[in-house]
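In what follows, chains are A, B, ... by sequence order, proteins preceding strands, each numbered from 1.
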Number of protein chains: 2
Amino acid sequence: MKTKLVSEKDYSIQIAHAIKESIVSGHLPVDGRLPSESDLAAKFDVSRSTVREALKRLAAQNLIRTQRGASGGAFVNRISFAQAQEQLATTATLLLTMNEIDFETACESRFTLEHACLALACARRTDADLATMKLELEKQSDPLLSDESFCASDVGFHRALVDAAHNPILSWQLAASVEAMQPLMNMITYTGRSRARILDLHGTLYAAIRTEDAVKAKTTMDDLASYILDLGRKFVLGRATASPRNSGGRSQMT
Amino acid sequence: MKTKLVSEKDYSIQIAHAIKESIVSGHLPVDGRLPSESDLAAKFDVSRSTVREALKRLAAQNLIRTQRGASGGAFVNRISFAQAQEQLATTATLLLTMNEIDFETACESRFTLEHACLALACARRTDADLATMKLELEKQSDPLLSDESFCASDVGFHRALVDAAHNPILSWQLAASVEAMQPLMNMITYTGRSRARILDLHGTLYAAIRTEDAVKAKTTMDDLASYILDLGRKFVLGRATASPRNSGGRSQMT
DNA sequence: CGAGCACAAATTGTCTGACAATTAAAAAAT
DNA sequence: ATTTTTTAATTGTCAGACAATTTGTGCTCG
């Protein structure tokens with residue numbers, strides 16, 4: 001049976017949309033195999049190239065994967081948290097870099113989220129969670145640690161903290177936010193030379209979660225938030241006066 | 001200058017990745033024009049089809065748009081919140097439908113987020129925010145309203161509530177969560193026939209935000225959360241016993 | 001001189017047909 | 001029975017062509 005397409009939009013878009021619907025609606029089960037490209041071409045009455053472009057659109061969204069060879073083809077992906085997180089992080093990064101989102105807004109959303117996780121984290125943290133946090137704390141207390149590694153460990157600590165809430169969706173959303181902000185955070189930490197203060201706050205946070213003291217954890221998180229926000233403000237300020245703005249002519253790819 | 005590609009992965013993936021890097025890193029400015037497909041084909045030393053598949057991958061992620069005709073081509077998109085939200089909602093829906101995320105986890109993450117917005121909302125709500133919430137409240141109090149419209153208004157109320165926090169990132173993330181959960185929430189509300197209770201809680205929330213009473217707002221939100229969670233549990237339970245599970249044979253697309 | 005109009009040029013969208021690369025299954029050989 | 005070879009199916013890539021669309025250009029006519 002041939003499926004009708006309207007001729008007003010590009011075929012590859014319509015085909016991608018049709019298949020996507022089949023997937024999202026559950027009509028096509030996870031790991032189910034799509035018809036071969038030739039079959040799809042016949043079904044939609046278009047050329048194989050057009051079908052391929054449609055499939056590439058879906059592959060870019062991690063909705064399908066392809067495999068060569070006999071009994072190969074396109075299969076419906078079970079979307080993983082890792083993939084979802086990567087997509088979200090890309091989007092968040094783009095929003096941060098090319099839209100009008102300023103550092104303060106991003107910072108506020110991140111710490112608001114993290115703050116919200118604390119109550120859950122205090123109630124549910126396991127020994128494994130605490131061990132992970134403790135490990136990162138010890139890494140961070142090494143004065144010989146490079147700036148880069150310190151930042152990585154910082155991310156690891158916050159991630160462990162959120163993971164302690166044991167809600168994968170919250171972990172997912174927050175991890176993406178943190179990842180998108182990391183480059184900027186790195187620069188701030190580099191220039192701020194503020195390891196001692198951060199380490200101290202982390203230690204306090206750790207202790208509060210260990211003892212299930214949600215109130216203490218929250219006030220500490222607020223302190224950390226305002227401290228980082230302050231550093232960020234200074235950093236952005238210094239940057240604004242130091243380096244001239246990138247003048248905005250269109251440029252081609254080199 | 002030709003750009004080298006390794007022959008181990010598919011070319012279209014590598015090309016898409018290379019261009020994506022140029023965009024995310026800011027090397028290609030927003031609204032900047034990419035070279036034509038023929039030029040890119042020459043630059044990467046591949047055929048035009050391969051370049052096209054790469055571009056379709058980017059288009060599927062809303063990173064570029066294309067335009068036909070003279071002085072047409074592919075242009076770097078300024079990603080909008082609307083697009084970002086749509087992408088996030090799709091991902092969230094997929095995670096919800098085909099992964100092992102249960103209703104309680106989704107519900108918890110949503111209300112945790114919303115709870116976290118309340119403090120900001122109380123501090124920053126404008127008259128316009130209050131008016132929007134009030135409007136939805138009045139809609140909801142009409143007993144002749146259809147179930148569908150009631151649910152839509154419910155979403156509108158919560159959206160207005162989060163928007164009152166005036167942090168676009170939080171609005172974005174939460175809106176996507178809410179949208180992904182809406183189908184399920186609808187069914188729950190349909191069966192629960194629980195309008196009066198919900199309306200009451202909404203009214204209390206509205207009043208608390210109007211008077212900037214963050215404490216009251218938070219306790220009310222907690223009540224709402226546990227009420228919905230309770231309804232959801234009953235609903236899921238009833239569903240599990242009533243309808244048999246979709247048996248899992250692989251199926252082809254029809 | 002201006003307004004409209006035909007035409008050319010550039011660019012993406014699609015089609016056709018072909019071949020290469022890869023993989024699983026079937027067939028053949030040992 | 002096990003290993004090797006062949007075969008078939010499928011995606012990945014290529015080349016060339018034409019269609020559709022849009023913009024600019026120059027020409028004609030008022």
Side-chain angles (χ1 to χ4, degrees), chain A residues 2-19 23 28 31-77 250 252-253, chain B residues 2-19 23 28 31-77 250 252-253:
Chain A
K2 290 183 182 176
T3 299
K4 268 290 180 67
L5 299 176
V6 301
S7 60
E8 314 209 328
K9 279 183 196 166
D10 294 349
Y11 290 157
S12 71
I13 294 180
Q14 296 180 60
I15 294 171
H17 196 74
I19 299 177
I23 295 175
L28 271 169
D31 290 332
R33 180 179 176 279
L34 272 64
S36 74
E37 295 175 353
S38 307
D39 291 350
L40 286 172
K43 179 173 140 69
F44 289 107
D45 199 22
V46 297
S47 74
R48 208 186 130 210
S49 328
T50 305
V51 167
R52 280 183 62 77
E53 288 177 8
L55 292 180
K56 294 314 152 212
R57 297 184 119 101
L58 300 178
Q61 301 175 265
N62 282 316
L63 277 135
I64 61 171
R65 62 183 179 279
T66 54
Q67 203 174 9
R68 293 224 271 212
S71 79
F75 300 85
V76 177
N77 260 344
R250 297 192 175 187
Q252 296 274 337
M253 215 171 88
Chain B
K2 290 183 183 175
T3 300
K4 269 289 181 66
L5 299 175
V6 300
S7 59
E8 313 207 331
K9 280 184 197 166
D10 294 349
Y11 290 157
S12 71
I13 294 180
Q14 295 181 59
I15 293 171
H17 196 74
I19 299 177
I23 295 175
L28 271 169
D31 290 332
R33 180 180 175 276
L34 271 63
S36 75
E37 295 175 352
S38 308
D39 289 351
L40 285 172
K43 178 174 139 72
F44 289 106
D45 199 21
V46 296
S47 74
R48 209 187 127 207
S49 325
T50 306
V51 168
R52 280 183 64 76
E53 288 178 9
L55 292 181
K56 294 316 152 210
R57 297 185 119 101
L58 300 178
Q61 301 176 267
N62 282 316
L63 280 151
I64 59 171
R65 63 183 180 280
T66 52
Q67 202 174 8
R68 292 224 272 214
S71 79
F75 300 85
V76 178
N77 261 343
R250 297 194 175 185
Q252 295 274 335
M253 213 171 89

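Between B:Asp31 and B:Arg65, at least one side-chain N (NZ, or NE/NH1/NH2) sits under 4.0 Å from a carboxylate O, which counts as a salt bridge.
One distance of note links CD1 of A:Ile23 with CG of A:Leu58; it measures 5.5 Å at 0.5 Å rounding. In this structure, OG1 on A:Thr50 lies 11.5 Å from CZ on A:Arg48, to the nearest 0.5 angstrom. Atoms CG and CZ, from B:Leu28 and B:Phe75 in turn, are 12.0 Å apart once rounded to the nearest 0.5 Å. Interatomic distance, OH of A:Tyr11 versus OG of A:Ser47, reported as 10.5 Å (0.5 Å rounding).
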Interface polar pairs with nucleotides 21-25 of chain D, N/O, under 3.5 angstrom:
unit_1 : atom_1 : unit_2  : atom_2 : d
D:dT21 : O2     : B:Gly69 : N      : 3.4
D:dT22 : O2     : B:Ala70 : N      : 2.8

Could you list all N or O pairs between the protein and nucleotides 3-6 of chain D that sit under 3.5 Å apart?
none

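Distance alone, capped at 3.5 Å, places no donor-acceptor pair between the A:Arg33 side chain and the A:Val76 backbone. Side chain of A:Asn77 to backbone of A:Asn62: a donor-acceptor contact under 3.5 angstrom is found.
A straight line from CD of B:Glu37 to C1' of D:dC14 spans 15 Å, rounded to a whole angstrom.
Judged as a side chain to side chain donor-acceptor pair (under 3.5 Å), and not counting sequence neighbours, A:Asp10 has no contacts. The salt bridge (charged side-chain N to carboxylate O under 4.0 Å, His left out) search around A:Arg52 returns A:Glu37, B:Glu53, not counting sequence neighbours.
Using a 4.5 Å heavy-atom cutoff, the side chains of B:Leu55 and B:Ile15 are not in contact.
A side-chain donor-acceptor contact under 3.5 Å links B:Arg57 and B:Ser12.
The minimum heavy-atom distance between A:Ala60 and B:Ala60, with the atom names listed, is CB-CB, 4.0 Å. Residues B:Ala74 and B:Ile64 share a closest heavy-atom pair of CB-CD1, 4.2 Å.
Residues from residues 49-57 of chain B placing a heavy atom under 4.0 Å of any atom in DNA chain D, listed by number, are B:Ser49, B:Thr50.
In terms of polar N and O atoms assigned as donor or acceptor, the side chain of A:Arg48 comes within less than 3.5 Å of the base of D:dG12 in a complementary pairing.
Put simply, chain A comes within 4.0 Å of DNA chain C, heavy atom to any atom, from C:dG13 to C:dA24, going 5' to 3'.
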